[in-house]
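As the structure is a computational prediction, the values presented were derived from the model and not from experiment.
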Amino acid sequence: MADLHAISQKWQKRWEEEKAFLTPNESPKPKYYCLEMFPYPSGYLHMGHVRNYSIGDAFARYKRMRGFNVLYPMGYDAFGLPAENAAIKQKVDPAAWTFKNIEGIKKQQKQMGLSYDWTREVQTCVPEYYQWNQWIFLKFFEKGLAYKKKGLVNFCPSCKTVLANEQVEEGKCWRCKSDVEKTDLEQWYFKITDYADELLADIDKLTEWPDRVKTMQRNWIGRKLWIDIDYEIEGTGKRVTVSTTRPDTNFGATFVVIAPEHSLLQEKVIPPNRRKDVEAYITAAKKKSAVEREAEGRKKTGVFTGLCCVNQLTGRKMPLWVADFVLTTVGTGVVVGVPGHDLRDFEFAKEFNLPIVRVVVGKDGDTSEITKKEQVQEEEGKMVNSGFLDGLDIHEATAKVMTFLEQKGWGKKTVRYRLRDWLVSRQRYWGTPIPVIYCETCGMVPVPEKDLPVVLPKDAEFTGEGNPLEKSHSFLHTKCPKCGGKSRRETDTMDTFVDSSWYFLRYCSPHDTKQPFDKTAVQKFMPVDQYIGGIEHAILHLLYARFFTKALRDLGMLEFDEPFTRLLTQGMVVKDGAKMSKSLGNVVDPGEIIAKMGPDTARVFILFTALPEKELEWSDTGVQGSYRFLNRVLRLAEEMPAFAPEKGSRENHILSKLHKTIKRVTEHIETFRLSLAIGALMELVNDLSKYAEKPVHEKTYRETVGALSVLLCPFAPHVAEEMWELLGREGLCSLASWPAFDESKIDLEAEAQEAMLDAVAGDIRRVLDLTKMAQPGKITLIVSPVWKYKLYGLLKQEMEKTRDMKQLISVCMDEKELRTHGQDIMKVIPAMVKEPARMPETLLTQGQELALLKSGAEHLLGLFKAKIIVESADESKEAKAKSASPSKPAIVIA
RNA sequence: GCGGGGAUGGCAGAGCGGUCAAAUGCGAUAGGUUCAGGGCCUAUUUCCUUAGUGGAUACGCAGGUUCGAAUCCUGCUCCCCGCACCA
């Protein structure tokens with residue numbers, strides 16, 4: 001077995017020496033931007049990374065060989081908590097820790113033989129990069145897209161910082177999984193909600209994104225038409241505004257529920273006799289965390305306020321309750337209870353004995369009183385007991401009652417989003433300082449552009465208590481840019497997702513010192529044609545990057561709306577059914593595989609074993625298989641077979657196979673079915689090995705193996721280069737052009753079948769001759785049922801309609817029929833009928849051609865009112881006797 | 001609960017109306033190899049039959065459409081993955 005690791009080192013050195021993969025900004029070739037989500041440098045390369053880069057590199061290499069000027073860069077998302085935690089625990093400088101990790105991961109990436117243009121490397125933790133975060137922040141601030149406000153925020157007690165809504169998963173911190181607390185704090189936000197409509201609408205433009213991701217984003221943005229309805233609170237002169245998306249069921253409303261945190265409850269509206277109970281409930285509810293609420297399940301709690309509202313539609317008095325299942329963050333924080341048609345309302349009504357009214361009859365037709373939760377009809381049905389809405393479908397009813405309520409002045413339609421503004425400030429050190437100063441006299445002052453960057457101080461101390469920036473004197477104290485007076489800096493830093501929201505623009509002009517990116521360069525390379533990364537960023541990063549793109553466009557810096565044209569979300573790498581993790585002990589170190597069996601083995605295994613989107617189950621024997629495969633391929637170039645002087649039918653076969661393979665591999669790479677592309681290569685290798693067992697035509701063999709090495713290059717570039725060299729080819733295989741496939745070569749195989757087809761055609765001719773003199777009912781056609789008749793039904797139908805050959809042909813050639821039955825087949829018919837002996841040039845397989853011939857024969861027989869009997873060949877000894885070749889169908893004229 | 005995706009040979013995993021007993025890899029069995037082992041090579045790997053050939057079952061279960069279904073339709077069962085007290 002060859003030393004694939006040594007081979008890889010040899011070629012990596014060559015690539016570097018020859019600067020093989022640099023991307024010029026100016027090039028006559030069309031551009032192609034292929035990008036992988038840049039990694040957080042945690043210190044080691046894991047299989048998920050290897051998979052990500054194997055996919056991306058294969059594609060980038062393929063596009064490069066197709067003649068594109070491929071921008072394929074790499075960088076590091078280098079700010080973040082782990083560095084700071086390391087600083088606290090190990091007393092190291094977060095910067096030093098991060099740079100060390102970057103060097104480690106980069107070394108491994110280089111060992112993989114990835115074809116990045118390393119001169120474009122970007123690191124987000126250096127001032128040369130993050131000053132532009134600050135610059136963009138200032139631009140956003142000027143436009144009102146960055147603002148500070150006090151409000152209920154998510155706080156992670158373990159990370160000691162606030163989190164964006166997108167970073168809270170099931171009430172827990174996305175990074176450390178601690179329970180998130182809700183606290184009232186003043187924080188910085190980006191106004192992503194300004195773009196909610198466009199972010200939603202433009203999802204439709206993302207035709208090459210996975211549906212899953214698009215659905216998740218749509219749901220996250222959550223645009224809905226609501227109606228806010230005002231109810232008078234009896235005897236108080238006050239009003240309460242409920243909000244709902246389902247006013248169709250309003251005739252069934254029997255109570256109103258208000259969230260415990262609602263401001264109305266702070267006004268003195270509660271009757272004195274109820275005040276104590278209500279206040280006790282509110283206090284208890286506020287103490288409960290989101291997780292505690294969840295732990296209680298759906299069990300409903302609540303307290304009656306002693307107040308009532310009146311439903312204008314029915315005149316019904318509706319008691320006003322306080323309950324914690326109603327959330328202040330949704331709608332107006334007050335809901336109208338329709339227990340017949342909302343499960344939560346039903347549970348609440350059951351708990352507190354509130355009346356339940358049916359206003360919808362569902363598909364089940366049940367009109368009885370609603371007493372069980374199975375009867376609660378939420379999704380579909382027709383209105384009943386609802387006055388002017390009766391008989392309408394619930395959706396029609398919704399529209400009608402909304403308009404009605406608005407006309408009456410009782411309600412107001414409102415579009416609401418689930419999406420909230422992006423909370424970007426973090427109380428941590430290792431991030432981009434927010435460029436704002438607080439002056440004792442002038443108040444909040446943004447740092448002037450000329451004073452950027454605001455650099456992280458070196459004198460910070462990492463105690464684990466509080467934000468180190470708050471205690472760094474060199475950082476904290478400064479002069480007011482306006483009045484020169486005493487002032488202090490903002491100590492919050494930016495969410496690291498700010499860094500990753502525009503890094504793909506920076507790659508276009510990575511060394512620009514005057515601006516975040518050069519507009520001309522960006523205009524040239526953007527948008528990213530192919531983006532590859534994990535599904536875990538379906539909302540977070542991908543939504544933020546889309547927002548940034550639109551915001552920067554409105555600042556006049558970009559001229560496109562969406563950053564990523566095509567998105568591939570790769571699947572996870574698992575072992576023994578679980579995600580690889582240190583704690584489970586099922587981690588396979590890529591470095592080890594690379595050292596033992598070479599990077600190409602790892603790459604081919606990963607790409608071959610599963611389609612990129614799917615989960616990949618790690619298998620050590622599978623890795624062995626890939627290793628064997630690469631050795632077999634390499635041997636094709638190492639060990640030349642015996643040569644024969646002449647070309648023969650075997651050459652036809654191998655060339656046909658080669659061109660079929662080129663076609664398949666090309667199509668499979670384009671559609672990211674990389675495992676199938678490699679499978680096709682394996683087939684070719686199998687055929688080549690067989691071919692090489694006997695003496696081969698040298699030129700054909702060398703050409704085929706040469707083409708194979710080019711086809712292999714995206715997946716196993718080092719082995720491909722080695723083969724290329726062994727074959728004595730010039731230059732680098734990586735820079736060779738992608739082979740084109742030749743349809744006529746693919747058809748070569750058909751030639752081999754010619755003799756047999758001639759024989760069949762001969763039979764048809766005999767049928768034709770005989771039918772001329774045959775008496776109706778005297779001709780029997782015996783056909784083996786092995787051959788299936790694609791056109792059987794069609795022709796049989798046509799036989800009944802027409803006796804005219806020309807007419808039949810024109811019917812057969814009808815466009816609709818062509819579409820239905822396939823152009824390739826249909827175009828054969830006229831040629832065959834005209835001159836049955838000569839087979840037309842088509843892409844038909846043997847089976848299709850024979851089927852066609854026979855259906856043609858049957859049709860002709862039909863024209864002469866002959867009798868056709870189709871039966872098994874072996875049922876007729878005569879048939880068997882007359883059949884010259886066993887694989888040929890028997891056509892017998894009796 | 002809502003939304004999305006699946007169920008194919010011993011395993012993983014293609015195929016998405018006819019060239020399918022079904023790519024490719026793994027595993028298994030037999031044979032070969034200047035072969036210790038390993039590696040490498042060849043053949044076989046649903047069942048029945050044959051000298052070659054052929055036939056019968058098969059692609060979660062039950063129906064349906066079609067000359068023809070792993071592929072299309074309907075129902076069922078089971079699995080996975082997102083979101084979730086969003087009114």
Does any nucleotide pair with [N] by Watson-Crick or G-U wobble geometry, both distances under 3.5 Å, and what is it?
| N | result |
| --- | --- |
| B/G9 | none |
| B/G27 | B/U45 |
| B/G18 | B/C67 |
| B/U57 | none |
| B/C2 | B/G82 |
| B/A36 | none |

Integer angstrom distance from the P of B/A23 to that of B/U46
11 Å

Test item: A/Asn652 and A/Ser656 side chains (from C-beta on) under 4.5 Å apart, heavy atoms
no

Taking the minimum atom-to-atom distance to the side chain of A/Arg635, which one of B/A87, B/G82, B/C41 wins?
B/C41

In terms of side-chain heavy atoms of A/Arg418, which of B/A14, B/C83, B/A87 is nearest?
B/C83

Do NZ/NE/NH1/NH2 and the carboxylate oxygens of [X] and [Y] come within less than 4.0 Å?
| X | Y | answer |
| --- | --- | --- |
| A/Lys300 | A/Asp345 | no |
| A/Lys660 | A/Glu683 | no |
| A/Arg673 | A/Glu667 | no |

OP1 or OP2 of B/G15 versus the side-chain N and O atoms of A/Arg673: is any pair under 4.0 Å?
yes

Produce the list of close N/O pairs, under 3.5 Å, pairing protein atoms with atoms of nucleotides 24-27 of chain B; give distances to one decimal.
{"unit_1": "B/C26", "atom_1": "OP1", "unit_2": "A/Arg628", "atom_2": "NE", "d": "3.2"}
{"unit_1": "B/C26", "atom_1": "OP1", "unit_2": "A/Arg628", "atom_2": "NH2", "d": "3.0"}
{"unit_1": "B/C26", "atom_1": "O2'", "unit_2": "A/Thr621", "atom_2": "OG1", "d": "3.0"}

Tell me: [atom1] of [X] to [atom2] of [N], nearest whole Å?
| X | N | atom1 | atom2 | value |
| --- | --- | --- | --- | --- |
| A/Asp342 | B/C2 | CG | P | 13 Å |
| A/Leu343 | B/C2 | CG | C1' | 12 Å |
| A/Arg212 | B/C2 | CZ | P | 20 Å |

Angle between ring planes, A/Phe255 versus A/Phe348, binned at 30° and 60°: parallel, tilted or perpendicular?
tilted

List the residues meeting ring-ring contact (aromatic ring centres under 6.0 Å, His included) with A/Trp226, not counting sequence neighbours, and say none if there are none.
none

Heavy-atom nearest nucleotide on RNA chain B for A/Leu676 versus A/Val330: which residue maps closer to 5'?
A/Leu676

Closest nucleotide of RNA chain B for A/Asp211 versus for A/Trp226: which of these residues is on the 5' side?
A/Asp211

Hey, does A/Lys214 reach any base, or is it just sugar-phosphate, or nothing, if we go heavy atoms under 4.0 Å?
nothing

Does the B/A87 base have a donor-acceptor partner in the side chain of A/Arg344 within less than 3.5 Å?
yes

So does A/Lys300 reach the base of B/C85 with its side chain, donor to acceptor, closer than 3.5 Å?
yes

Non-neighbouring partners of A/Arg418 that pass side-chain hydrogen bond (donor to acceptor under 3.5 Å, both in side chains), sequence neighbours left out:
none

